[in-house]
2 protein chains.
Amino acid sequence: MALPPLDRHSVVPLYYQIQQRLLQQIRSGALKGGEPVPSEQEISAQLGVSRMTARQALKSLCDLGFTYSQRGKGTFVSGIKLEKDFRQVLSFTEEMKARGSKPRSKVLAFEVIPAADDVAEALHVRTQEKVISLQRIRIANALPMGVEHSYLPLQLCPGLFEAFDPQTSLYRALSELYGIRLIVADEVVEAGLAGAEEAKLLKVSKGSPVFLFTRTSYVQSGQPVEYVRSVYRADRYKIVNRLTRLHSELLAPVRLV
Amino acid sequence: MALPPLDRHSVVPLYYQIQQRLLQQIRSGALKGGEPVPSEQEISAQLGVSRMTARQALKSLCDLGFTYSQRGKGTFVSGIKLEKDFRQVLSFTEEMKARGSKPRSKVLAFEVIPAADDVAEALHVRTQEKVISLQRIRIANALPMGVEHSYLPLQLCPGLFEAFDPQTSLYRALSELYGIRLIVADEVVEAGLAGAEEAKLLKVSKGSPVFLFTRTSYVQSGQPVEYVRSVYRADRYKIVNRLTRLHSELLAPVRLV
DNA sequence: GAGTGGTCTAGACCACTTT
DNA sequence: AAGTGGTCTAGACCACTCG
């Protein structure tokens, strides 16, 4: 398992170069599920890095879920597929492109309004504080998928109301104009039946099954940036989740077993 | 921010002792969202550990989402709540207990059968290979919540059919009898309407909104262990998710910004 | 310039698994 | 006994932020 030499003058960290090489071998199928990846000692010796650096590369692969380690035995490629389209914190635009669909939006309303109680609570602002309100029909491949109603604190993105074209990706605008990157979101999903108004907008018959989403998205610091309530057609939209067992308390280094 | 001394003779790693102390301060509110946690140098000096050990403690807190680091500035407590009941890889029993409900099951069928095509594909076994089939009505606080149909490869848990009381927690049995720990699951969620048979079992009227789950659970190595199809009442069951932005490719050490 | 986190080294001892 | 990952040390240089 000879690895190509490292670029020691690159700004790219050594551990990251190593991680990428291993990742490529996993993705290409050269390393298959269940097979061992090179040990820390092997990497250290073959690439001429310290063992801690080799370890950091392997650790990062484990953290990403590509491999798993067993003390005394080695580090092995996980058989779990990772390149799938699980739901992440993605804008509708990103999500649809990832699924190979052509996203479009029809703007129903775009305005600055005072926050109602539920919006204020979700966004951690005072009631009546000004928020941007954006209602859009979400369309994929010319078919209506859902109706979204987003709220953002005006304070966090002053000028957005003037600068943003509501036909385009909100997430992109937040990133490019303000450096705001949403990295975590909490959502509640309910299943229900389309009401008269929703049915009309979504072009389904009243009483059709729909998903109801209530989502709040946060930046790294925990500051909420976007609160969204949406209704999606259940016949055109499925939820694909990857669930993990949380370490929570169990993050203790596992002795025994 | 004086920290109590470490137990250097404990089997518990130093970095973990440090992490737990900091975690306690975060949980207790002594360290609030946005506030800096002690720097690597401070921890190193005050507790008499090497900087790498202090760093490992802080890194683990970041990995768990309790803090975030900014180069040149420090490490700060994340304002994102973490103790919530997001969906994880949990058994119905665990999930309901976490929500404060009293779980119960009514077994509809428990048998060993040959795998149909979809089951075989999900569990990575050959078609017609023997699998354990378990159908249960899931009940919380004496109210029917959903109907589950689980399949497990008989090969992975020989004797389970004889040893397991299907009224109890399947996950607990897998863990205790075979050391099998499910740590990741992929699921597809759909929204639909209850059919005649489901309506009867769930005690709702036909056409009521329901969730349809299709889930496959895996152990660390990627070996699938359980394939479940289930129907849940949408009026009694909500989905609470935490979504994250996946590092995927972007796991590159962030320069610039 | 002082303080911070990010990377890296060259060792060390340990617990564990396998042969 | 040999090999593995897990922990730990005592340094080092760097890029970055802030006053």
Side-chain angles (χ1 to χ4, degrees), chain A residues 1 6-20 22 35-63 66-78 179 220-221 247 251-257, chain B residues 1 6-20 22 35-63 66-78 179 220-221 247 251-257:
Chain A
M1 188 52 57
L6 302 172
D7 179 356
R8 300 194 80 97
H9 301 91
S10 167
V11 293
V12 178
L14 292 177
Y15 84 89
Y16 186 72
Q17 293 183 44
I18 298 169
Q19 185 234 58
Q20 289 294 92
L22 293 171
E35 290 182 0
V37 302
S39 71
E40 297 174 1
Q41 289 89 331
E42 279 174 25
I43 294 173
S44 173
Q46 290 190 13
L47 295 180
V49 298
S50 79
R51 204 195 124 198
M52 285 298 278
T53 300
R55 179 170 173 73
Q56 193 177 1
L58 291 180
K59 177 70 161 48
S60 68
L61 281 178
C62 285
D63 289 346
F66 291 100
T67 59
Y68 60 99
S69 291
Q70 292 186 6
R71 186 197 298 233
K73 294 180 73 172
T75 302
F76 306 88
V77 179
S78 169
Q220 204 174 30
S221 68
H247 354 279
L251 63 184
V254 181
R255 307 267 162 183
L256 65 128
V257 176
Chain B
M1 190 52 56
L6 301 173
D7 179 357
R8 301 194 82 97
H9 301 91
S10 167
V11 294
V12 178
L14 292 177
Y15 84 89
Y16 186 72
Q17 294 183 43
I18 298 169
Q19 185 233 59
Q20 288 295 91
L22 294 171
E35 291 182 359
V37 301
S39 72
E40 297 173 0
Q41 290 88 331
E42 279 174 25
I43 293 173
S44 173
Q46 290 190 13
L47 294 181
V49 298
S50 79
R51 204 193 123 199
M52 285 297 278
T53 300
R55 179 172 173 72
Q56 194 176 359
L58 291 180
K59 177 69 159 49
S60 68
L61 280 178
C62 286
D63 289 346
F66 291 100
T67 59
Y68 60 98
S69 292
Q70 292 187 5
R71 188 198 295 235
K73 294 181 74 174
T75 303
F76 306 89
V77 178
S78 169
Q220 204 173 30
S221 68
H247 352 280
L251 64 184
V254 181
R255 307 268 163 185
L256 67 127
V257 177

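Letters go in sequence order (proteins before strands), and every chain restarts at 1. Model, not experiment: these values are computed from the prediction.
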S.K.: Rounded to whole angstrom units, what separation is found between the CD atom of A:Glu35 and the P atom of D:dT4?
M.R.: 16 Å

S.K.: To the nearest Å, how far apart are B:Ile18 CD1 and D:dT7 P?
M.R.: 12 Å

S.K.: Could you list the residues that satisfy side chain to side chain donor-acceptor pair (under 3.5 Å) with A:Gln70, not counting sequence neighbours?
M.R.: A:Lys73

S.K.: Using whole Å, report how far CG of B:Leu58 lies from C1' of C:dG3.
M.R.: 15 Å

S.K.: About how many Å separate CD of B:Gln41 and CZ of B:Arg55, when rounded to the nearest 0.5 Å?
M.R.: 10.5 Å

S.K.: Once you apply a heavy-atom cut-off of 4.0 Å, does A:Gln41 come out as touching a base, just sugar-phosphate, or nothing?
M.R.: base

S.K.: Within less than 4.0 Å of OP1 or OP2 of C:dT18, is there a side-chain N or O belonging to A:Lys73?
M.R.: yes

S.K.: Could you say whether B:Gly72 or A:Val37 is positioned toward the 5' end of DNA chain D, judged by the nucleotide with the nearest heavy atom to each?
M.R.: A:Val37

S.K.: Considering residues at least two apart in sequence or located in another chain, which fulfil the side chain to side chain donor-acceptor pair (under 3.5 Å) criterion with B:Ser50?
M.R.: B:Thr53

S.K.: Could you tell me which residues satisfy side chain to side chain donor-acceptor pair (under 3.5 Å) with B:Ser44, sequence neighbours excluded, listed by chain and number?
M.R.: none

S.K.: Let me know the distance between CD1 of A:Ile43 and C1' of C:dC8, rounded to the nearest Å.
M.R.: 15 Å

S.K.: Could you work out, with side chain to side chain contact (heavy atoms under 4.5 Å, CB included) as the rule, every residue matching B:Thr75, not counting sequence neighbours?
M.R.: B:Val37, B:Leu58, B:Cys62, B:Thr67, B:Ser69

S.K.: Mind checking what makes side chain to side chain donor-acceptor pair (under 3.5 Å) contact with B:Glu35, not counting sequence neighbours?
M.R.: none

S.K.: Just the rounded figure in Å: distance from C1' of D:dT4 to NZ of A:Lys59.
M.R.: 17 Å

S.K.: What nucleotide, of D:dC8, C:dC8, C:dG5, holds the atom closest to the side chain of A:Leu14?
M.R.: C:dC8

S.K.: Is there any protein nitrogen or oxygen under 3.5 Å from a nitrogen or oxygen in nucleotides 10-14 of chain C, and what are the pairs?
M.R.:
| from | atom 1 | to | atom 2 | distance (Å) |
| --- | --- | --- | --- | --- |
| C:dA12 | N6 | A:Arg51 | NH1 | 3.3 |

S.K.: Without decimals, in angstroms, what is the distance between A:Gln56 CD and D:dT7 P?
M.R.: 15 Å

S.K.: Of all the choices, C:dG6, D:dG5, C:dT4, which nucleotide is nearest to the side chain of B:Glu42 once you look at every atom?
M.R.: C:dT4

S.K.: Please report, rounded to the nearest Å, how far the C1' atom of D:dT7 is from the CZ atom of B:Arg55.
M.R.: 16 Å

S.K.: Please determine whether a side-chain nitrogen or oxygen atom of B:Thr75 lies at a distance below 4.0 Å from atom OP1 or OP2 of C:dG5.
M.R.: yes

S.K.: Can you check whether B:Ser39 has a side-chain N or O nearer than 4.0 Å to OP1 or OP2 of C:dT4?
M.R.: yes

S.K.: Can you tell me if A:Thr53 touches the phosphate of C:dT9, counting only side-chain N or O atoms and a distance under 4.0 Å to OP1 or OP2?
M.R.: yes

S.K.: Is there a side chain to side chain contact (heavy atoms under 4.5 Å, CB included) between B:Val49 and B:Gln17? Walk through the geometry before answering.
M.R.: CA-CA 12 Å; B:Val49 298; B:Gln17 294 183 43; over 6 Å; no

S.K.: Measure from OH on A:Tyr15 to P on C:dT9 and round the result to the nearest Å.
M.R.: 13 Å

